[in-house]
Amino acid sequence: MPLEKRPERKSRVKYLIYFLFGILTNFNFSLSSFAAQQPLPNFVVIFTDDQGYGDLSCFGGTHVETPRIDKMATEGAKLTSFYVAAPVCTPSRAALMTGSYPKRIDMATGSRFGVLLSADSKGLHPNEITIAETLKSVGYKTGMFGKWHLGDQPELLPTRQGFDEHFGIPYSHDIHPYHPRQDHFQFPALPLLDGETVIEMDPDADFLTKRITERAVDFIKRHKEDPFFLYIPHPIPHTPLHVSPPLMESISSAIKNELKKEDGNIDYKTRNKLFKQAIAEIDWSVGEILDTLKAQGIDENTLVLFTSDNGPAVGNAGPLKGKKGSTFKGGMREATVVRWPGKIPAGSSNNELMTAMDLHPTFAKLAGATLPSDRIIDGKDVWSTLIGKAKTPHDAFFYHRGNNLQAVRSKDWKLHLKDGKPSALFDLKTDIGESEDLLANHPKIANKLMAYVREFEKDLAENSRPAAFVENPKALKR
């Protein structure tokens, strides 16, 4: 679907229509709830990259130290059955932004790889309504600082999908000339953007976490009087691992000496040994965000959620089987912490199934915004579930790798598929590591789960939406 003549205009028209629709449909609700709802809550989503279920100390990790996130968990809740919609970057982020399964919006893969690459013709369609756009419709300020990975062409950037402010990189920081398979990929220099302007090429990745955090803190300070949605998708701990100089002080001399030999190249293998420090800097960043909210007097009116886009590449999935790229739970079940003083029960552990897709409808409900009614949104309003007053609203959850449906979960049962047929059945209540196949013992349960699969695939066939395709895409340059 060529976009060369319409993207900016259509995106603006889309937002204007949706904004007016939101005003009209929410006017009565806003008046009636004005006193009770004031001020509107702020939302902060911290979304790391390739962090495993076991890569937080509050989730049992002994190879990392995360005191600020651990404290966040004691002041809020651990979500122990929280899922993303894909085990790799692009589709996971598309689902978070839209509340829809990646396959439904044709974002399960890039145009020529499993994720979007540089100068990719494909991206999230401008007609999609993101969390940012939904919240803007009721007056929210919106900021995104970090990694986008939903399209690097100008008409597909975050500023065209509801974000007032954007600072970061358009895709993973390993999509650069130092990639181990550069002979195959031929990646151009990595651009760093402020808004839609490229301000640097090949920025020093040692400072990405720090710079992103500083911009997020500044956003909070400038918008403390406004309701806001702040999205912080950190590029780390995706490889190659980088940390700022203060975190390097604890690195051994042997590792430092090896890194000194890089000489314009990147030693991925040695950098893998920086994992503990990379997670420590993420933890520092979370602390900076929480401290700023408190210092600005808006801590008690802000929901903060910490999670990751998929399972680990270098880290640890804890008790779960699988890692990044896998539809075993280690690839898609994420260590998640949510905090909202006085609203989320402190020190709780919530094992109800919830997903990143649920954030869009849940935030809309809390903000008094209206979701678009002309499309299927797979996420559910899970507010009652978050506060421990309801079971999960999901009858089933579906696991895709690319466009292939590979598993389905309903309640405590998970059915894996091969070539569209049952291949293994696990009782997640007693077997969190998916090690004991019970398919032969429970054919009726497998049949019930297959019924969910057939219904879902029929729905996808009838209610899917296109991705965007740009003609003659160009690599971003300064």
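What you see is a predicted model; the values in this text were computed from it and never measured.
- Between the side chains of Ser57 and Thr66, a donor-acceptor pair is found at a separation under 3.5 Å.
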- Task: Check the pair Lys103 / Ser464 against side-chain hydrogen bond (donor to acceptor under 3.5 Å, both in side chains), numbers first and verdict last.
- Result: CA-CA 8 Å; Lys103 187 172 181 179; Ser464 290; over 6 Å; no
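- Between Phe398 and Phe456, the ring planes lie parallel to each other; the angle is under 30°, not in the 30° to 60° tilted range.
- Heavy atoms from other residues, nucleotides or ligands lying under 6.0 Å from CD of Glu65 number 12 at most.
- Considering Ile212, Val286, Asp309 in turn, Ile212 is the only one that fulfils the side-chain contact (heavy atoms from CB on, under 4.5 Å) rule with His234.
- Residues Glu334 and Thr307 bring no donor and acceptor atom of their side chains to less than 3.5 Å of each other.
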- Item | Pair His360-Thr98, side-chain hydrogen bond (donor to acceptor under 3.5 Å, both in side chains): steps then yes or no | CA-CA 7 Å; His360 191 173; Thr98 64; over 6 Å; no
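- Between the side chains of Thr302 and Arg339, no donor-acceptor pair of N or O atoms lies under 3.5 Å.
- Between the side chains of Asp49 and His149, no donor-acceptor pair is found at a separation under 3.5 Å.
- Asp120 and Ser111 share a donor-acceptor pair across their side chains, judged by distance under 3.5 Å alone.
- Aromatic ring centroids of Phe363 and Phe43 lie under 6.0 Å apart.
- A donor atom on one side chain and an acceptor atom on the other are not found under 3.5 Å apart for Asp206 and Ser244.
- Summarising the local packing, CZ of Arg401 is surrounded by 12 or fewer heavy atoms from other residues, nucleotides or ligands at distances under 6.0 Å.
- Heavy-atom minimum distance, Ala73 versus Cys58: CB-SG, 4.3 Å.
- Between Tyr399 and Tyr83, a ring centre-to-centre spacing shorter than 6.0 Å is recorded.
- Between Tyr231 and Phe229, the ring-plane angle classifies as parallel under the 30° and 60° cut-offs.
- For an aromatic pair to be called close, the ring centres must be under 6.0 Å apart, and His179 with Phe187 satisfies this.
- No side-chain donor-acceptor contact under 3.5 Å links Arg160 and Thr130.
- Proximity of Glu196 to Glu155: side-chain heavy atoms (C-beta onward) are nowhere separated by under 4.5 Å.
- Both the sub-6.0 Å distance and the 45° axial angle are satisfied by Lys78 relative to the ring of Phe59.
- Comment: Asp50 does not engage Lys323 in a salt bridge, judged by the lack of any side-chain N to carboxylate O separation of less than 4.0 angstrom.
- Between the side chains of His242 and Gln277, no donor-acceptor pair is found at a separation under 3.5 Å.
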- Chi angles and distances behind the ring-ring contact (aromatic ring centres under 6.0 Å, His included) call for Phe47, Phe306: CA-CA 6 Å; Phe47 207 57; Phe306 176 95; 9.5 Å; no
